[in-house]
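These figures come from a predicted structure and were not determined experimentally. Letters go in sequence order (proteins before strands), and every chain restarts at 1.
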Amino acid sequence: METDPQRMERIVSLCKRRGFIYQAGEIYGGLNGVWDFGPLGVELKRNLKDYWWRVMVRERDDVVGMDGSILTHRAVLQASGHEDTFSDPMVDCDVCKRRFRADQLAEPPAFFGLFDIVFLGNNDSHIGQTKRSAGGDSLADAKRKVKIQAAYIQPRETKDLRIDLESGKKGNRTPCCTHCGSDLSESEARPFNLMFHTQIGASSDPTSTAYLRPETAQSIFVQFRNVLDTSRKKLPFGIAQIGKAFRNEINPRNFIFRSREFEQMELEYFCAPEEGLRLLDYWLEERLKFYDNIGISRAKLHVLNVPDADRAFYSKGTYDIEYEFPFGVQELEGVAYRTDYDLTQHQTASGKPLDYFNEETKERFVPHVVEPSAGVDRTLLALICEAYDEEIVTAENGKSETRTVMRFHPRMAPIKVGVFPLLKNKPELVAKAREVHALLKPHMMTFYDEAGAIGRRYRRQDEAGTPFGLTIDFETLGERGDELRDTVTLRYRDSMKQERIAIGDLLTTLLPKVH
RNA sequence: GCGGGUGUAGCUUAAUGGUAAAGCUGUAGCCUUCCAAGCUACUGACGAGGGUUCGAUUCCCUUCACCCGCUCCA
């Protein structure tokens, strides 16, 4: 699809202008890949999370919730495989821009004769050099072997050493890019730690290392036994969680789309092995319904059936739900059939049984799991991009202007209703408007505004995405007859149409629309 | 991480090696009987650090952030 950077820029600008999203630490120059949410942003985000929790947990009999800690036991992320796959030494070629990455490979270094890799340890930073052998490997083979070697040489093993892997002696030759053959003598290999780590307690020896979780899912797997034992659930059932996760992204991009600190909405739905593939399709459909119900157009969603080669090795099926952002089609949510990989890993590593006994069939097995994992911030950005609209309105005097309006689904809109006295300098109107405001406040997010001309106040709320406006006017006071007494103008954001509604009917009319 | 681009008020723009200008927005007041009307006043900026200079927003260096392309995205 065509990208539209200008549109994205205007959206970012509106997000700041109206208080949806600010850059973190902005007055100090900003912090790369980290964002704060303002008054409207936090309401929108809360509405999104609340609705997810409602349909995924509260309205279901087969899902319970939990809230795991962000600080994570190192053993958890060793067992899950994150510690290995999230910390890779990587080498860049300055000429062809290829990058070589150690990647999930733990095979013995059978190919050492084919390459030279020289690491110069320097505290935590490393200088690495690679050279393609004279063996005439195909490019793909050569790259794969470089990865294996890089994975084998862990940073902590290379203190102040120059190792010639072929001879086992210290040495050095001119290293070349395996792709284009360029001299890589000056290229650095840096370890990329995609997980944020910290120390627990005052001492900082290696045993005190803990991580900020890179996904919420692991705490669900780790607590599977406890939830199973205390919730009285039987398979199939799910455990849901919404919470922050952290990844030290190499390259944050596209506003809040790829952030280093972000929030996930994850369900781990446990089932018998033979149900996994069916439930994968079931949850895909459930999740598509969800997006429909928050106002994200089906036409802008793409479902990608992730091909075998691109899936994690333990997954027997994965769908990516993608959205057409102004900067391209990007993933909102992954729905993955993860088999029994996670529970098995934790069962093995912890030595604690994480299996399930089916009383009816007398079978004992490690449950399989289907995981719909959605990004809160990404969905939020999709909501904003979807809602953003500019329309040309022509006034009665023939003057045209652009109306910027955020067409949020009322269920998602940060502010549900604006309450306005038609005129500020008529105390009766102001008093009545405050009464109406007080009536609605306990039930929904409202905004009271009496400043300036009424048209200006409407337009301000259009930019905030407030779906309904209520204006208290002279009819409300009974100056146009008793039939109109205690009725107000209800103005719709999208059409700008107006109708009269009795104050007594407001709650029963508005609440279902925003629920 | 590489290459390119951009940083002046909340936004959009202007000017300048010597007190940084305006429109819109915002705030307060007046006015206003339904779509950013009008009047008055006010708030508010050279991303950060260093260098050159009598003096730097302007010239130079560094750095930070954002955007685009590549790369990455378990």
Side-chain angles (χ1 to χ4, degrees), chain A residues 3 5-6 8-10 12-19 22-35 38 77 80-88 90-101 103-104 187-190 192 194-195 214-215 217 247-255 257-258 310-315 320 327-328 330-331 334 336 375 393-397 399 401-405 420-426 429 451-463 469-477 479-480 488-493 496-498:
Chain A
T3 58
Q6 282 76 38
M8 197 59 215
E9 264 179 46
R10 291 196 299 276
V12 171
S13 171
L14 179 138
C15 281
K16 181 174 181 185
R17 185 169 72 243
R18 285 298 167 193
Y22 315 119
Q23 199 175 12
E26 186 185 280
I27 62 170
Y28 291 105
L31 189 58
N32 183 244
V34 187
W35 304 88
L77 295 163
S80 67
H82 285 85
E83 191 173 86
D84 289 338
T85 59
F86 267 59
S87 178
D88 306 315
M90 301 182 83
V91 185
D92 290 321
C93 173
D94 288 338
V95 177
C96 67
K97 308 305 179 193
R98 300 289 157 142
R99 167 175 289 167
F100 308 105
R101 173 184 166 185
D103 201 350
Q104 301 174 350
S187 299
E188 280 185 75
R190 285 168 298 273
F192 280 82
L194 268 60
M195 290 197 295
E215 62 177 23
R247 295 179 196 183
N248 202 359
E249 297 286 353
I250 295 167
N251 189 5
R253 266 300 159 84
N254 292 328
F255 199 29
F257 182 83
R258 180 170 295 126
D310 295 345
R311 281 200 308 270
F313 66 90
Y314 49 77
S315 175
D320 282 352
F327 46 80
Q330 299 276 343
E331 180 183 348
V393 291
T394 307
E396 285 174 11
N397 62 15
K399 208 177 85 180
E401 60 182 8
T402 303
R403 181 173 84 117
T404 303
V405 48
F420 320 112
L422 181 59
L423 298 175
K424 181 187 178 183
N425 59 359
K426 297 286 187 289
L429 289 176
I454 187 69
R456 173 183 295 270
R457 284 175 272 163
Y458 285 152
R459 292 299 174 82
R460 257 199 293 250
Q461 290 307 306
D462 287 344
E463 277 205 348
L470 296 176
T471 301
I472 285 70
D473 49 32
F474 293 93
E475 285 87 337
T476 315
L477 301 178
E479 293 189 6
R480 300 285 191 280
V488 297
T489 300
L490 170 60
R491 182 258 192 188
Y492 292 96
R493 172 197 66 201
M496 298 194 283
K497 296 259 170 54
Q498 305 187 349

- prompt: On a whole-Å scale, what distance lies between the P atoms belonging to B/G7 and B/A48?
  reply: 14 Å
- request: Identify, with sequence neighbours excluded, every residue that meets side chain to side chain contact (heavy atoms under 4.5 Å, CB included) alongside A/N248.
  value: A/F196, A/R260
query: Quick one: ring-ring contact (aromatic ring centres under 6.0 Å, His included) partners of A/Y314, sequence neighbours excluded?
result: A/Y341
task: Figure out the CZ/P separation between A/F327 and B/C66, and round it to whole Å.
output: 14 Å
- request: If B/G38 has a Watson-Crick or G-U wobble mate with both distances under 3.5 Å, name it; if not, just say none.
  value: B/C30
- prompt: Within this structure, what is the CZ-to-P distance between A/F255 and B/C68, rounded to whole angstrom?
  reply: 12 Å
query: What closest approach, in Å, do A/R403 and A/D462 show between heavy atoms, and which atom pair accounts for it?
result: NH1-OD2, 2.7 Å
- request: For B/A14 versus B/C54, give the span between their P atoms, rounded off to a whole number of Å.
  value: 32 Å
Partners meeting salt bridge (charged side-chain N to carboxylate O under 4.0 Å, His left out) with A/R311 (sequence neighbours left out): A/D308
B/G38 versus B/U33 - spacing of their P atoms, nearest Å: 16 Å
Strand partner of B/A48, provided both Watson-Crick or wobble distances fall under 3.5 Å: B/U62
query: Residues two or more places apart in sequence or in another chain: which of them pass salt bridge (charged side-chain N to carboxylate O under 4.0 Å, His left out) with A/R460?
result: A/D449
- request: Start with the C-alpha distance between A/L490 and A/L470, add both sets of side-chain angles, then the distance that settles side-chain contact (heavy atoms from CB on, under 4.5 Å), and finish with yes or no.
  value: CA-CA 5 Å; A/L490 170 60; A/L470 296 176; 3.6 Å; yes
message: Suppose you measure atom C1' in B/G4 against the same atom in B/U27; what distance do you get, rounded to whole Å?
response: 41 Å
- request: Applying salt bridge (charged side-chain N to carboxylate O under 4.0 Å, His left out), name anything that partners A/E463, two or more places apart in sequence or on another chain.
  value: A/R17, A/R18
- request: Could you state the atom-to-atom distance from CD of A/Q461 to P of B/U25 in whole Å?
  value: 16 Å
message: I need the A/F474 CZ to A/K426 NZ distance, nearest 0.5 Å.
response: 5.0 Å
- prompt: Taking NZ from A/K16 and P from B/C66, how many angstroms apart are they, rounded to a whole number?
  reply: 13 Å
message: Would you say that A/T471 contacts A/R491 through its side chain, given a criterion of any heavy-atom pair below 4.5 Å between the two side chains?
response: no
- prompt: Considering heavy-atom distances to RNA chain B, does A/F257 or A/P5 have its closest nucleotide positioned more toward the 5' end?
  reply: A/P5
message: With a 3.5 Å limit on both atom pairs, tell me what B/C2 is paired to, counting Watson-Crick and G-U wobble, or say none.
response: B/G69
task: Provide, to the nearest angstrom, the distance between the CG atom belonging to A/N248 and the P atom belonging to B/C73.
output: 15 Å
- line: A/K424 has its side chain closest, among B/G1, B/U32, B/C67, to B/U32
- line: Rounded to whole Å, the CG-C1' distance (A/N32 to B/C67) equals 13 Å
- request: Mind calculating the distance between CZ (A/R17) and C1' (B/A9) to the nearest angstrom?
  value: 15 Å
field: Distance below 4.0 Å between A/N251 side-chain N/O and B/C73 OP1 or OP2
entry: no
Give each protein N/O atom lying under 3.5 Å from an N/O atom of nucleotides 47-51 of chain B, with the pair distance.
none

message: The criterion is side-chain hydrogen bond (donor to acceptor under 3.5 Å, both in side chains); which residues satisfy it with A/Y492, sequence neighbours excluded?
response: A/E499
message: Under 3.5 Å for both donor-acceptor distances, Watson-Crick or wobble: does B/G23 have a partner, and if so which one?
response: B/C11
message: If I pick the C1' atom on B/U8 and the same atom on B/U57, what distance separates them, to the nearest angstrom?
response: 7 Å
- request: For nucleotides B/C46 and B/G10, find the distance between their P atoms and express it as a whole number of Å.
  value: 9 Å
message: Does A/G33 reach a base, just sugar-phosphate, or nothing at all? Heavy atoms under 4.0 Å.
response: sugar-phosphate
query: With rounding to whole Å, what would you report as the distance between B/C35 and B/C72 at their C1' atoms?
result: 48 Å
- request: Name all residues meeting the salt bridge (charged side-chain N to carboxylate O under 4.0 Å, His left out) criterion together with A/D473; count only those two or more places apart in sequence or in a different chain, and write none if there are none.
  value: A/R500
message: Taking the P atom in each of B/C70 and B/G51, what is the distance between them to the nearest angstrom?
response: 40 Å
- request: Heavy atoms under 4.0 Å is the rule here; annotate nucleotides 33-39 of chain B 5' to 3' with B where the base is hit, S where only the sugar-phosphate is, and - elsewhere.
  value: BBBBB--
- prompt: CZ of A/R258 versus C1' of B/C67: gap in Å, rounded?
  reply: 15 Å
query: Which nucleotide in the list B/G1, B/C66, B/C73 gets nearest to the side chain of A/W35?
result: B/C66
